[in-house]
Amino acid sequence: RQVPAPQAENRRLSAPRRAAGRAATLAAANARLRTEARERRKAEAALRASEARFQAFMDFSPAVAFIKDRQGRYLYVNPTHEKIFGANIVGKRDHEWQSPAAARELRRNDRAVLAAGQPREVVEQVRMPNGEMHSLLVSKFPMTADDGRRFLGGVGLDVTALRRAESALHEAQNRLQLALRASRTG
């Protein structure tokens, strides 16, 4: 079909306009993509820096720290935990590295925290690599991932020496009270 001359002329003129419009649209889209890429790189760098700070904190913390799944498997332990207990227990459950009684106590406390959905501070008796039982003051707390999965986090300090000192002080006070009573009577 033959296009009248004025219409053909308009098409020839509108083709460059359309191309210029598309080029402008593409240039704007490229500018947006460059901005998004820059923002993404900044966010990734900030995330790496945050993770490095957290890792340094965990690496040098004097407290043991751990994360367990709902089944009681260790997903994370910090280097202090590994140093104090002499092994990396990631992937294990309490009964695989603790005495049966200690494992039951740890699991009972874990379940209570997860069931209540609230943090809890407990003193737990744990077996050390040399076989001695120690007292750890542990703060346990529920954690929820973005996808809804629930975990248990914990941070603990060995308070064995403190508890022994408190016990010795209590015994000394009792002996002093007995000595004072004896001196009064005669």
Side-chain angles (χ1 to χ4, degrees), residues 40 43-181:
R40 183 178 185 151
E44 288 170 350
L47 177 60
R48 281 191 303 276
S50 175
E51 288 175 344
R53 278 190 308 273
F54 174 76
Q55 191 60 53
F57 182 82
M58 287 288 98
D59 287 351
F60 298 106
S61 172
V64 297
F66 58 87
I67 299 173
K68 296 179 185 181
D69 66 14
R70 286 185 67 85
Q71 290 72 42
R73 263 186 307 275
Y74 286 85
L75 303 175
Y76 169 83
V77 296
N78 70 337
T80 302
H81 195 290
E82 290 179 21
K83 179 181 167 194
I84 288 175
F85 291 107
N88 182 337
I89 57 169
V90 170
K92 294 183 179 180
R93 295 181 185 173
D94 293 320
H95 69 272
E96 296 176 72
W97 69 285
Q98 280 295 311
S99 69
R104 280 191 302 276
E105 178 186 4
L106 298 175
R107 189 67 183 137
R108 183 178 57 249
N109 291 334
D110 294 351
R111 286 182 175 144
V113 169
L114 290 170
Q118 296 293 318
R120 183 174 180 191
E121 196 171 90
V122 293
V123 175
E124 296 177 325
Q125 303 302 312
V126 294
R127 187 185 68 222
M128 303 305 280
N130 65 5
E132 286 184 23
M133 295 304 287
H134 277 228
S135 299
L136 264 62
L137 175 62
V138 184
S139 177
K140 294 185 174 194
F141 46 90
M143 301 169 61
T144 304
D146 290 341
D147 62 5
R149 288 179 301 146
R150 300 209 38 224
F151 302 97
L152 177 89
V155 179
L157 291 171
D158 189 336
V159 293
T160 305
L162 177 63
R163 290 184 66 126
R164 287 178 183 158
E166 287 174 344
S167 179
L169 178 60
H170 184 68
E171 285 180 31
Q173 287 173 334
N174 286 342
R175 284 193 306 271
L176 178 60
Q177 289 296 326
L178 289 172
L180 289 173
R181 283 187 203 129

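Numbers for residues simply follow the sequence, beginning at 1.
- What you find for Pro79 and Asp59 is that their closest heavy atoms are CG-OD1, 3.3 Å.
- Atom CZ in Arg48 sits 12.5 Å away from atom CZ in Arg53 (nearest 0.5 Å).
- Surrounding CG of Asp146 are at most 12 heavy atoms belonging to other residues, nucleotides or ligands under 6.0 Å away.
- Glu51 contributes atom CD, which lies 9.0 Å from atom CD of Gln55 (distance to the nearest 0.5 angstrom).
- Side-chain contact check for Met133 versus Thr160: every heavy-atom pair is 4.5 Å or farther apart.
- Residues Pro142 and Pro119 approach most closely at CD-N, 3.9 Å, considering heavy atoms.
- In this pair, Phe54 and Tyr76 present their aromatic rings tilted. The plane angle is within the 30 to 60° band.
- With contacts defined as side-chain heavy-atom distances shorter than 4.5 Å, the pair Lys68/Phe151 does not qualify.
- In this structure a side-chain-to-backbone donor-acceptor pair under 3.5 Å is present from Arg150 to Leu114.
- No donor-acceptor distance shorter than 3.5 angstrom exists from the side chain of Arg120 to the backbone of Val138, with no hydrogens or angles considered.
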(message) Checking Ser135 against Gln125 for the side chain to side chain donor-acceptor pair (under 3.5 Å) test, could you report, in this order, the C-alpha distance in whole Å, the side-chain angles of both residues, the deciding distance, and whether it holds?
(response) CA-CA 5 Å; Ser135 299; Gln125 303 302 312; 3.0 Å; yes
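- Between atom CZ of residue Phe141 and atom CG of residue Leu152 there is a gap of 7.5 Å, rounded to the nearest 0.5 Å.
- The closest side-chain heavy-atom distance from Gln177 to Gln173 is not below 4.5 Å.
- Note: Ser99 OG to Glu105 CD = 9.0 Å, rounded to the nearest 0.5 Å.
- Going from atom CD1 of Ile89 over to atom CD of Glu96 covers 9.5 Å, rounded to the nearest 0.5 Å.
- Minimum heavy-atom separation, Gln71 to Arg93: O-NE, 3.5 Å.
- When the options Val64, Asn88, Ile67 are evaluated for a side chain to side chain contact (heavy atoms under 4.5 Å, CB included) with Val77, the one that passes is Asn88.
- Taking CE of Met128 as the start and CG of Leu136 as the end, the distance is 7.0 Å to the nearest 0.5 Å.
- Contact check for Asp94 versus Tyr74: side-chain heavy atoms found under the 4.5 Å cut-off.
- At a threshold of 4.5 Å between non-hydrogen side-chain atoms, the residues Glu124 and Gln98 do not count as touching.
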